[in-house]
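Everything on this sheet refers to the single structure shown next.
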Amino acid sequence: WVVWGKKEECPRVDLLISYPSTLVEEYSAVGISAAVHPYALAIEDAGDYLSGLSEVLEVFLTKAKGGVKNDSLCNLQ
């Protein structure tokens, strides 16, 4: 485990893809969206997850191109 002492040390990203964590909460608090995946994803469920993630990315990119900030969490669990 690595604990960041200062929020400004976290990498600047436009979209976070992560398992459920306090990092997701920290990024959300500053308006950065997250696609949250389960801790353990069964192989047979991977296709559904990736399809959902693809949709999230399409919406994110469409909004980004239009200059709209996407600040909601996308929970794909």
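These values consider heavy atoms only, across backbone and side chains, with no hydrogens, waters or symmetry-generated copies.
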task = Check side-chain contact (heavy atoms from CB on, under 4.5 Å) between Leu61 and all other residues, then give those that pass, not counting sequence neighbours.
result = none
query = Under the side-chain contact (heavy atoms from CB on, under 4.5 Å) test, which residues partner Ser21, sequence neighbours left out?
reply = Ser18, Tyr19, Leu23, Val24
key: Any residue meeting side-chain contact (heavy atoms from CB on, under 4.5 Å) with Ala40, in chain and number order, not counting sequence neighbours   = none
query = In Å, rounded to the nearest 0.5 Å, how long is the span from CD1 of Ile32 to CG of Asp14?
reply = 7.5 Å
query = Sequence neighbours excluded, which residues qualify as side-chain contact (heavy atoms from CB on, under 4.5 Å) partners of Asp48?
reply = none
request  = Check for a donor-acceptor pair, side chain of Ser54 on one end and backbone N or O of Leu50 on the other, with a separation under 3.5 Å.
outcome  = no
query = Of all heavy-atom pairs between Asp45 and Leu41, which one has the smallest distance, and what is that distance?
reply = CB-CD1, 3.8 Å
inquiry  = I'd like to check Val59 versus Lys63 (side-chain heavy atoms, cut-off strictly below 4.5 Å). Are they in contact?
reply    = yes
Worked verdict on Val56 versus Ile17 for side-chain contact (heavy atoms from CB on, under 4.5 Å) = CA-CA 11 Å; Val56 168; Ile17 301 175; over 6 Å; no
inquiry  = Quick check: closest heavy atoms across Ala35 and Tyr49, and the distance to 0.1 Å?
reply    = O-OH, 4.4 Å
